[in-house]
Amino acid sequence: RQTSAPGAAPARTQTAGAPRPTAQGSGKGGGARQGAPDRRTTLMLRNLPREYTRESLCGLLDAVGFARLYDFIYIPHNIETHASLGFCFVNFVTPADAQRASEVFDGFQQWGLP
């Protein structure tokens, strides 16, 4: 098994929803109130290998310690080729789970493709 897709870029994560406020707390962009806990639970994972399916992503999430900590996965795909479009959305059960997943998957390259 390969541990990363040949030529694949490292994964990038992005929390869905409003952007986080800047360190200066400019208040622009409609982000969360400064000092308020981040309550978002959905992440967008980018640079997903095109061969990945829902089943392979579930297997990976379970293998890296997120079994039963997510409740929704959406992987858009090309209708003609059935290949993923290279990104997905994962909703985690708690904001803490989403934050930990963001840390784990930022720069992630161990996709484990067959």
Side-chain angles (χ1 to χ4, degrees):
R1 290 176 63 143
Q2 285 181 284
T3 57
S4 64
R12 304 277 311 231
T13 60
Q14 178 177 339
T15 306
R20 294 177 188 226
T22 62
Q24 290 78 24
S26 67
K28 295 181 182 177
R33 292 188 321 257
Q34 187 172 1
D38 191 352
R39 307 212 18 98
R40 295 175 285 192
T41 57
T42 302
L43 292 181
M44 176 185 191
L45 299 179
R46 299 186 297 177
N47 298 323
L48 189 72
R50 298 206 185 275
E51 300 85 4
Y52 250 52
T53 63
R54 185 181 194 290
E55 292 76 25
S56 54
L57 182 58
C58 287
L60 174 70
L61 288 168
D62 294 352
V64 296
F66 292 100
R68 299 187 316 240
L69 299 180
Y70 58 92
D71 56 10
F72 179 80
I73 291 176
Y74 173 62
I75 303 176
H77 63 277
N78 181 304
I79 293 172
E80 293 176 9
T81 66
H82 301 285
S84 81
L85 298 180
F87 67 96
C88 68
F89 294 95
V90 180
N91 189 68
F92 291 88
V93 176
T94 69
D97 296 332
Q99 178 61 39
R100 188 168 68 86
S102 179
E103 294 165 4
V104 167
F105 286 102
D106 189 30
F108 189 79
Q109 295 184 32
Q110 307 302 324
W111 296 108
L113 294 173

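Starting from 1, each residue takes its place in the sequence as its number.
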Rounded distance (nearest 0.5 Å) linking atom [atom1] of [X] with atom [atom2] of [Y]:
| X | Y | atom1 | atom2 | value |
| --- | --- | --- | --- | --- |
| Q110 | L60 | CD | CG | 10.0 Å |
| L43 | F87 | CG | CZ | 14.5 Å |
| F108 | L48 | CZ | CG | 10.5 Å |
| S102 | D38 | OG | CG | 9.5 Å |
| R40 | Q99 | CZ | CD | 9.5 Å |

- Query: Mind checking what makes side chain to side chain donor-acceptor pair (under 3.5 Å) contact with S84, not counting sequence neighbours?
  - Reply: none
- Task: Would you please name every residue forming a side chain to side chain donor-acceptor pair (under 3.5 Å) with N91, sequence neighbours left out?
- Result: T41, T42, D71
- Query: Is there a chain of hydrophobic side chains (I, L, V, M, F, W, Y, each step under 4.5 Å between heavy atoms) that links F72 to V93?
  - Reply: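 As far as the 4.5 Å side-chain criterion goes, V93 and F72 are not connected within one cluster.
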- Item | Closest heavy-atom pair and its distance - P76, Y74 |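 Result for this residue pair: CG-CE2, 3.5 Å.
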- Message: Donor-acceptor pair, distance only, cut-off 3.5 Å: does the side chain of Y52 make one with the backbone of C88?
- Response: no
Acceptor/donor pairs from residues 62-70 side chains to any protein atom, 3.5 angstrom cut, sequence neighbours excluded:
unit_1 : atom_1 : unit_2 : atom_2 : d
D62    : OD1    : Y70    : OH     : 2.8
Y70    : OH     : C58    : O      : 3.4

